[in-house]
Protein chains: 2
Amino acid sequence: MRKERAELGDLKFKQSVELTLKVIGGKWKPVILCHLTDGTMRFGELKREMPSITQKMLTQQLRELEQDGIIHRQIYHQVPPKVEYSLTEYGITVKELLDVMSAWGERHRERFPSDEAEHAPSEGG
Amino acid sequence: MRKERAELGDLKFKQSVELTLKVIGGKWKPVILCHLTDGTMRFGELKREMPSITQKMLTQQLRELEQDGIIHRQIYHQVPPKVEYSLTEYGITVKELLDVMSAWGERHRERFPSDEAEHAPSEGG
DNA sequence: CTGGATCCTAGAGGATACTG
DNA sequence: CAGTATCCTCTAGGATCCAG
């Protein structure tokens with residue numbers, strides 16, 4: 001009983017993969033999510049951890065993640081402003097995803113150590 | 001013994017995630033890989049399954065996947081030309097990744113059925 | 001401190017023509 | 001059939017300034 005090129009099932013499969021990449025993919029979202037898996041963080045904190053991101057991008061990506069229900073935005077109406085970001089209960093489910101991705105990436109690095117060279121010179125925390 | 005914001009471990013973690021996205025991310029690679037998990041496919045076959053991709057992109061993406069050791073390119077020197085693509089033994093490890101991504105994407109679609117609307121009108125096999 | 005608005009660049013991705 | 005080459009578009013991402 002091998003699967004016989006189920007067209008429909010396959011279509012849904014790949015569409016789901018694409019959807020996932022659309023939601024948590026891109027240049028910054030995965031990094032942001034990695035940081036938020038550690039717990040709640042303020043805007044400035046995130047910015048500090050990612051020196052090479054611009055405020056615009058950070059804000060933009062956070063908004064999108066918020067709209068997708070991945071993260072929660074807690075605003076403190078005070079001066080100076082204070083905004084905290086954290087994973088929602090639903091957002092926590094991405095941890096599993098990040099774990100698998102990270103694990104695969106590490107294995108890949110073992111095979112192609114050169115690949116990390118062109119990638120390493122980014123932010124270092 | 002909770003993890004205490006291990007900077008270095010965290011750095012490697014997020015870099016691995018980024019690396020993964022660099023290797024199998026993008027607009028087309030995941031889709032291509034989804035198809036190849038079904039087995040060997042010819043260039044034209046892939047093209048047919050992905051009507052909205054251009055030859056250029058398909059060729060380009062396949063080359064990159066080949067260079068990353070994910071897929072194998074079998075050339076038959078004949079007329080007309082015949083080239084077959086398949087996952088390498090190493091490439092098969094992405095199945096696990098795709099599975100997790102697909103599963104997450106499906107769950108996400110349940111939460112945000114609207115998200116599929118802006119994504120559905122692509123190729124339909 | 002957080003982040004909106006504006007303008008700009010680079011590169012991913014696309015259309016088309018041509019070739020062994 | 002599979003692929004290269006060229007030129008073009010579009011948008012993700014960036015720099016900078018301004019504001020509550």
Side-chain angles (χ1 to χ4, degrees), chain A residues 14 17-33 35-36 40-68 71-86 118-119 121-123, chain B residues 14 17-33 35-36 40-68 71-86 118-119 121-123:
Chain A
K14 74 183 184 187
V17 174
E18 289 181 289
L19 181 56
T20 296
L21 264 333
K22 234 184 42 169
V23 176
I24 66 129
K27 189 173 181 181
W28 298 114
K29 285 180 186 172
V31 187
I32 294 173
L33 291 174
H35 284 298
L36 289 183
T40 298
M41 289 184 80
R42 294 186 56 172
F43 183 88
E45 249 180 310
L46 279 168
K47 181 73 187 64
R48 230 175 296 126
E49 296 277 350
M50 307 164 65
S52 56
I53 197 177
T54 59
Q55 301 92 317
K56 174 197 167 185
M57 286 317 291
L58 184 50
T59 301
Q60 182 179 304
Q61 302 299 302
L62 287 169
R63 287 294 181 286
E64 291 181 17
L65 287 172
E66 186 191 5
Q67 275 169 29
D68 279 322
I71 66 175
H72 172 68
R73 182 161 174 253
Q74 180 64 49
I75 311 174
Y76 297 88
H77 291 285
Q78 57 184 49
V79 182
K82 174 179 173 182
V83 180
E84 287 183 341
Y85 294 92
S86 57
E118 37 173 324
H119 205 64
S122 54
E123 65 265 18
Chain B
K14 73 183 183 185
V17 174
E18 289 182 290
L19 182 57
T20 297
L21 265 332
K22 237 184 40 169
V23 175
I24 66 129
K27 187 174 181 179
W28 298 113
K29 286 180 185 171
V31 186
I32 293 173
L33 292 173
H35 284 297
L36 289 182
T40 298
M41 289 184 82
R42 294 186 57 170
F43 183 89
E45 248 178 312
L46 279 168
K47 181 74 185 65
R48 230 176 298 128
E49 296 277 349
M50 306 163 65
S52 55
I53 196 176
T54 59
Q55 301 92 319
K56 175 195 166 185
M57 285 317 291
L58 184 52
T59 302
Q60 182 178 306
Q61 303 298 303
L62 286 169
R63 287 293 182 286
E64 291 181 17
L65 288 171
E66 186 191 5
Q67 274 168 30
D68 279 321
I71 66 175
H72 172 67
R73 181 160 173 255
Q74 180 63 49
I75 311 174
Y76 296 89
H77 292 285
Q78 59 186 45
V79 183
K82 175 179 173 182
V83 180
E84 286 183 342
Y85 293 92
S86 57
E118 38 173 325
H119 205 65
S122 55
E123 66 266 16

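When reading the values below, keep in mind they use all heavy atoms of this one structure, side chains included, and skip hydrogens, waters and symmetry mates. Just so we're on the same page: letters track the sequence lines, and every chain starts at 1.
- Considering only side-chain N and O atoms, B/Arg63 lies under 4.0 angstrom from the phosphate OP1 or OP2 of D/dG3.
- Taking five base pairs at each end of the helix from C/dC1-D/dG20 to C/dG20-D/dC1 and finding the rotation axis that steps the C1' atoms of four pairs onto the next four gives two axes whose angle is 50°, to the nearest 10°.
- Distance check, rounded to the nearest 0.5 Å: CZ of B/Arg48 to NE2 of B/His35 gives 12.0 Å.
- For the atom pair CG (B/Asp68) and CG (B/Leu19), the distance works out to 8.0 Å, reported to the nearest 0.5 Å.
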Using residues 74-86 of chain B as the side-chain source, report each donor-acceptor pair under 3.5 Å to any protein atom, sequence neighbours left out, with the distance given to one decimal.
| unit_1 | atom_1 | unit_2 | atom_2 | d |
| --- | --- | --- | --- | --- |
| B/Gln74 | OE1 | B/His72 | NE2 | 3.2 |
| B/Tyr76 | OH | B/Glu84 | OE1 | 3.0 |
| B/Tyr85 | OH | B/Arg73 | NE | 3.3 |

Review item, nucleotides 14-17 of chain D N/O atoms under 3.5 Å of protein N/O:
| unit_1 | atom_1 | unit_2 | atom_2 | d |
| --- | --- | --- | --- | --- |
| D/dG14 | OP1 | A/Lys27 | NZ | 3.1 |
| D/dG14 | OP2 | A/Trp28 | NE1 | 3.1 |
| D/dG14 | N7 | A/Lys56 | NZ | 3.1 |
| D/dG14 | O6 | A/Lys56 | NZ | 2.0 |

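- Residues B/Ile32 and B/Met50 are in side-chain contact: their nearest non-hydrogen atoms beyond the backbone lie under 4.5 Å apart.
- Put simply, the side chain of B/Lys14 never gets that close to the backbone of A/Pro30: no donor and acceptor are under 3.5 Å apart.
- Residues from residues 74-84 of chain A that place a heavy atom under 4.0 Å from any atom of DNA chain C, listed by number: A/Pro80, A/Pro81, A/Val83.
- Heavy-atom contacts of chain B under 4.0 Å fall on DNA chain C between two terminal nucleotides, which in 5' to 3' order are C/dG13 to C/dG20.
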Give every donor-acceptor pair under 3.5 Å between a side-chain atom in residues 55-66 of chain B and any protein atom, sequence neighbours left out.
| unit_1 | atom_1 | unit_2 | atom_2 | d |
| --- | --- | --- | --- | --- |
| B/Thr59 | OG1 | B/Gln55 | O | 2.9 |
| B/Glu64 | OE1 | B/Lys29 | NZ | 2.7 |

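- Per the geometry, CD belonging to B/Gln60 stands 14 Å off C1' belonging to D/dT6, to the nearest Å.
- Atom CH2 of residue A/Trp28 and atom CD1 of residue A/Ile53 lie 5.0 Å apart, to the nearest 0.5 angstrom.
- Residue B/Arg42 places at least one side-chain N or O under 4.0 Å from the OP1 or OP2 atom of D/dA2.
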